[in-house]
Amino acid sequence: MRRHEFQPGRLIAGLTLLGTGVVYALDSTNAWPIPSWAPLPALAGGLLLAAITGILTAVARHRARRPDGDPTAD
């Protein structure tokens, strides 16, 4: 398999979805009884954080590709 570039936004999104799945799995086994709506704000916040991280990463990579750090070059 070829190596690919690290994408922190996707990592955060994956961990958020995995954590939400674990919470719902624990709730379904009655190991951790919580209201069914409780993980949704954490899910929304985690996905928002992933989107912000992805955007900031893309901007940083775009700036790093500029020759000599010239802010006017595209």
Side-chain angles (χ1 to χ4, degrees):
M1 180 163 80
R2 281 186 11 200
R3 293 185 59 91
H4 59 278
E5 61 183 291
F6 177 64
Q7 297 178 341
R10 288 189 179 190
L11 174 67
I12 293 172
L15 291 175
T16 299
L17 292 172
L18 182 65
T20 304
V22 167
V23 168
Y24 277 121
L26 289 172
D27 182 44
S28 69
T29 61
N30 291 327
W32 190 25
I34 57 169
S36 61
W37 58 268
L40 294 179
L43 177 66
L47 292 178
L48 179 65
L49 180 64
I52 292 170
T53 304
I55 290 169
L56 292 177
T57 301
V59 168
R61 286 184 181 153
H62 178 71
R63 286 186 178 182
R65 289 186 187 131
R66 289 184 180 168
D68 300 328
D70 184 14
T72 60
D74 278 333

Shortest non-hydrogen contact from S36 to P39? O-CD, 3.7 Å
Side-chain contact test, heavy atoms from C-beta onward, threshold under 4.5 Å: evaluate it for T20 versus L40 and give yes or no. no
Within the supplied structure, the quantity of interest is the number of heavy atoms (other residues, nucleotides, ligands) at a distance under 6.0 Å from R61 CZ; does it exceed 12? yes
Does the side chain of T57 come within less than 4.5 Å of F6's, by heavy atoms? no
Hey, any chance L26 and V23 share a hydrophobic cluster, counting ILVMFWY side chains that come within less than 4.5 Å of each other, even indirectly? yes
Taking all heavy atoms of I12 and all of G46, pick out the closest pair and write down the distance. CG2-O, 3.8 Å
How close do A50 and G9 get, counting heavy atoms only, and between which atoms? CB-O, 3.3 Å
When rounded to the nearest 0.5 angstrom, what distance separates CD1 in I34 from OH in Y24? 7.0 Å
Using 0.5 Å steps for rounding, measure from the CG atom of L48 to the OG1 atom of T53. 9.0 Å
Heavy-atom nearest pair, A42 first then T16, reads O-CG2, 4.1 Å
Joint cluster assignment, V22 & W32, ILVMFWY side-chain distance < 4.5 Å: yes
